[in-house]
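Below is one structure, written out as structure tokens; the observations come after it.
Values below: all heavy atoms of this structure, side chains included; hydrogens, waters and symmetry mates excluded. Just so it is clear: chains get the letters A, B, ... in the order the sequence lines come, proteins before strands, and each one is counted from 1.
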Amino acid sequence: MIELEKSYDASKVEADIYQKWLNSGYFTPENLPDRPDLTAEQKRPYTIVLPPPNVTGNLHMGHAFEDTIQDILIRFRRMQGRRALWIPGTDHASIATESKVAKLLEKDGVRKSDLGRTEFVKKVEQFTAESHDVIINQLKQIGASLDWTREAYTLDDKRAEGVRVAFKTMYDDGLIYQGYRVINWDPKGQTVISDDEVVHQERDAQLYTFRYSKDFPIPIATTRPETKVGDTAVAVNPNDPRYQQYIGKEYDMTFCGVPIHIKIIADEAVEIDFGTGALGVTPAHSIIDFEMSQRHNLPLVQVINEHAKMMVGGENLVNKKTTEARLVIVEWLQQQDLLEKTEDIKQSVGTAERTGAVIEPLPKLQWFIAVNKPFAMKQSHIPGINTGDQVTLKQLMQHVIEQKTIGIVPARFEKTYFNWINNLRDWCISRQLWFGHRIPVWYRANNTGIDGGSEREIYCDITPPEGEGWEQDPDTLDTWFSSGLWTFSTLGWPENTSDLQTYHPTSAIIPGYEILFFWVARMILMSTYLLGDIPFKNIYLHGIVRDNRGRKFSKSLNNGVDPLEVTEKFGTDALRMALVFGAAPGNDTAFDEQKVKGMKHFGNKLWNVARFILMNVDMKNVGLKESDEFSPEDEFVLKDLGLYRTRYDEARVVEKVTADLENFMLHEAAQTLYNSLWYEFADKYIEHSKPALNGDDDNNKRIKQTILYQSLVTYLKLLHPFMPFETEEIWSKLTQKDLLIVEPWPQQ
RNA sequence: GGGCGAUUAGCUCAGCUGGUCAGAGCGCUUCGUUUACACCGAAGAUGCCACAGGUUCGAAUCCUGUAUCGCCCACCA
């Protein structure tokens with residue numbers, strides 16, 4: 001008989017148990033014990049790549065949630081006999097990290113520009129190294145059974161090689177191109193950002209209705225009068241009877257001291273009913289106007305610079321911030337009696353995700369990925385697409401979801417995904433940042449900058465060009481470019497490694513729904529294009545962990561909860577269980593310490609179930625006979641847990657939990673186990689067994705002991721993915737066998 | 001402007017393909033010091049499952065509409 005402590009003390013055992021797992025090597029699938037009982041099909045790989053946390057700080061409760069889900073799936077599959085591989089890694093997160101370190105330096109009075117590129121990047125690397133170590137320890141603390149021998153970093157040498165090969169391949173296919181157009185400029189971060197990094201915010205604004213001059217026939221409305229010095233046209237709807245007579249006419253005027261030339265054009269995009277039904281076209285400072293200007297061959301006049309200051313006008317305008325210039329122009333309009341109306345309206349303003357600055361649309365030369373350009377598939381393993389087919393990247397991204405080659409859980413996000421794809425424009429991938437993957441393009445300059453010369457030579461390859469006078473493009477790549485490669489760059493691509501052949505496509509990816517576009521869609525793009533294959537078979541999107549009042553965790557609210565403090569207080573298993581319990585896929589979940597407390601109690605219940613059984617069961621005396629007669633309570637447990645398969649083929653709990661795990665319904669599986677262990681097994685069956693255990697009927701005693709023991713074994717296995725530490729600890733008291741982590745999953 | 005989600009016990013939330021689905025955690029009431037567990041046990045209270053229609057033998061669960069809240073996307077100058 002073995003005596004357990006009266007209650008489970010997580011803090012005493014967790015570190016040792018994690019070390020045991022590490023020592024076993026079982027996190028590496030190649031080290032898993034052979035399972036001769038299984039077919040090759042049953043032993044096929046099961047792969048998850050960890051969504052790499054940004055090396056910008058600590059992991060928060062959302063990470064703990066995400067990691068727990070993945071660890072549950074991986075442990076479940078490992079026990080089923082799959083070659084379960086979960087690859088760890090971190091993300092350099094270019095823009096997020098750069099702006100964070102820049103802010104830290106500013107606190108010490110140091111500016112990025114003072115340090116220069118090399119020194120600044122060194123500072124960033126110091127910061128990320130510390131952050132990396134913290135993150136790795138947190139992952140271990142949560143019990144993550146990651147294969148640490150395969151750890152990757154989005155900015156390490158291997159991944160950098162992958163990035164260059166990916167870029168070069170797309171460049172050669174004409175899918176990466178350099179284009180001069182109006183982009184989203186972040187005046188604070190001093191970089192271009194992609195459409196997806198623009199966050200729209202509703203703000204109060206004034207809509208001004210005015211004329212350029214007394215002689216101009218059409219009034220126009222704008223919220224940004226300061227940009228009007230860059231207007232080159234006025235657009236009206238071709239079907240608008242009010243203005244038809246003016247279409248095609250041109251006017252020269254002086255607007256607030258700046259000479260402008262306005263042509264009146266007709267464009268379907270203009271809404272007759274909005275404002276005055278006429279639109280002042282500013283090709284250099286509005287993406288829409290830029291596109292319109294291209295349709296009509298309009299000239300482009302840049303009047304605002306990278307610092308959001310005016311580039312034209314007299315003393316009253318030039319070098320003024322746009323917000324100041326706006327007032328100057330409004331005042332001028334009033335003086336000239338050109339302002340017809342001022343209205344208060346709600347306006348959606350684009351701001352930069354990282355810096356919060358108001359986006360200033362500017363014309364610039366940048367690198368783009370063409371999502372609508374057809375190309376020939378070099379190779380395809382995608383059902384419905386053949387090698388050699390003409391496709392676009394957008395079509396590839398649509399196809400694999402439409403055809404369910406990739407499943408999304410919960411399915412409603414398919415609609416969100418298509419909605420995004422349909423509105424997708426070319427992806428701007430260059431950034432004016434220092435920390436990140438340098439663009440593998442070199443110029444032999446005969447001009448000053450990349451915005452200038454037209455006769456320069458361009459060279460793109462994975463290694464620098466030979467010869468004199470070459471200079472590399474100063475820009476770095478959007479961080480999502482490298483994370484788009486993550487499912488296969490972690491497996492050794494661009495080399496055709498055995499890892500790549502074995503573990504790709506991966507089985508599932510587990511991100512939050514908020515990065516469906518940023519990351520998941522980009523992985524699909526990169527994988528289908530570069531490998532001709534899907535990156536993963538299933539996408540499980542989890543929700544956001546909020547505080548106990550349903551608010552997002554944020555620094556300004558100071559409502560953050562450190563996962564490590566919670567694990568210290570209640571144990572890691574209790575936290576894991578609390579995070580998963582009741583958290584349906586794709587739904588936000590409120591974090592409540594009370595819930596963790598409840599799950600700690602559940603852990604204690606399990607512990608005492610084990611304690612009771614260990615005290616009352618003589619392991620040598622365990623076994624059932626054909627002649628055994630069972631009480632209804634016995635039969636219930638035998639059937640429920642599928643313990644006596646020769647006589648009962650039902651295994652309700654095992655079947656339900658297994659199916660729920662296979663269908664990503666972790667919350668259901670957790671709830672089933674909770675209720676079954678506590679309310680059926682502990683409350684009813686253990687109580688039922690007590691008289692027999694204390695009685696004289698040896699046969700009945702043996703039956704009860706056997707059922708108790710085998711039930712405990714089954715519960716430990718079923719609960720292990722959720723509560724790995726405690727179940728492993730009990731297992732070690734119960735048996736001399738190998739670790740629970742590699743025990744076969746109960747037969748369903 | 002388009003799309004999505006939520007509305008179930010005091011609080012936070014489950015309830016998957018319609019019929020033991022009216023549930024869980026925490027909280028609350030009463031009783032209980034039996035050798036697994038007071039991090040417990042027994043018993044119990046609290047819900048016209050947002051509202052109004054409809055389909056059905058039967059709906060929290062499907063359909064339609066309404067209301068409130070939240071989220072995402074978007075080129076209304």
Original post:
Rounded to whole angstrom units, what separation is found between the NZ atom of A:K605 and the C1' atom of B:A38?
Top reply: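 In whole Å, B:A38 C1' lies 11 Å from A:K605 NZ.
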Original post:
Given atom NZ of A:K690 and atom P of B:G41, what is their separation to the nearest angstrom?
Top reply: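 Rounded to whole Å, this separation is 11 Å.
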Can you check nucleotides 25-29 of chain B for protein contacts, nitrogen or oxygen pairs under 3.5 Å, and list what you find?
unit_1 : atom_1 : unit_2 : atom_2 : d
B:G25  : OP1    : A:Y679 : OH     : 2.3
B:C26  : O2'    : A:Q594 : OE1    : 3.2

Original post:
Base, sugar-phosphate, or nothing for A:A682, non-hydrogen atoms under 4.0 angstrom?
Top reply: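 The residue A:A682 makes base contact.
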Original post:
Heavy atoms under 4.0 Å, any strand shown: does A:G275 hit a base, just sugar-phosphate, or nothing?
Top reply: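 Touches nothing.
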Using a 4.0 Å cut-off on heavy atoms, which residues in [range] reach RNA chain B? List them by number, or say none.
{"range": "residues 195-210 of chain A", "value": "A:H200"}
{"range": "residues 279-300 of chain A", "value": "A:L279, A:I288"}
{"range": "residues 218-236 of chain A", "value": "A:A221"}

**OP:** Just jot down the salt bridge (Lys or Arg N to Asp or Glu O under 4.0 Å) partners of A:K684, sequence neighbours excluded, or say none.
**Re:**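 A:E680.
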With sequence neighbours excluded, give me every salt bridge (Lys or Arg N to Asp or Glu O under 4.0 Å) pair touching [range].
{"range": "residues 416-425 of chain A", "result": "A:E291-A:R425"}
{"range": "residues 574-585 of chain A", "result": "A:D71-A:R576"}
{"range": "residues 594-608 of chain A", "result": "none"}

**OP:** Not counting sequence neighbours, list each pair that qualifies as a ring pair (Phe, Tyr, Trp, His ring centres under 6.0 Å) and has a residue in residues 266-303 of chain A.
**Re:**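 As it turns out, there is no ring pair (Phe, Tyr, Trp, His ring centres under 6.0 Å) pair with a partner in residues 266-303 of chain A once direct neighbours are skipped.
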Subject >> For RNA chain B, the dot-bracket pattern of Watson-Crick and G-U pairs whose distances stay under 3.5 Å, | for other-strand partners >> reply: (((((((..((((.........)))).(((((.......))))).....(((((.......))))))))))))....
Original post:
Do the side chain of A:E687 and the base of B:A36 come within less than 3.5 angstrom through a donor-acceptor pair of N or O atoms?
Top reply: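 Yes.
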Subject >> All side-chain contact (heavy atoms from CB on, under 4.5 Å) counterparts of A:T735, not counting sequence neighbours >> reply: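 Here the qualifying residues are A:W731, A:K737.
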Original post:
Between A:H667 and B:G15, does any side-chain N or O lie under 4.0 Å from OP1 or OP2?
Top reply: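 Indeed, a polar side-chain atom of A:H667 lies that close.
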I'd like a table of atom pairs between the protein and nucleotides 2-5 of chain B - only N or O on both sides, under 3.5 Å - with the distance next to each one.
unit_1 : atom_1 : unit_2 : atom_2 : d
B:C4   : OP1    : A:K415 : NZ     : 2.6

Subject >> Separation between the P atoms of B:C63 and B:G1, rounded to whole Å >> reply: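 To the nearest whole Å, 25 Å.
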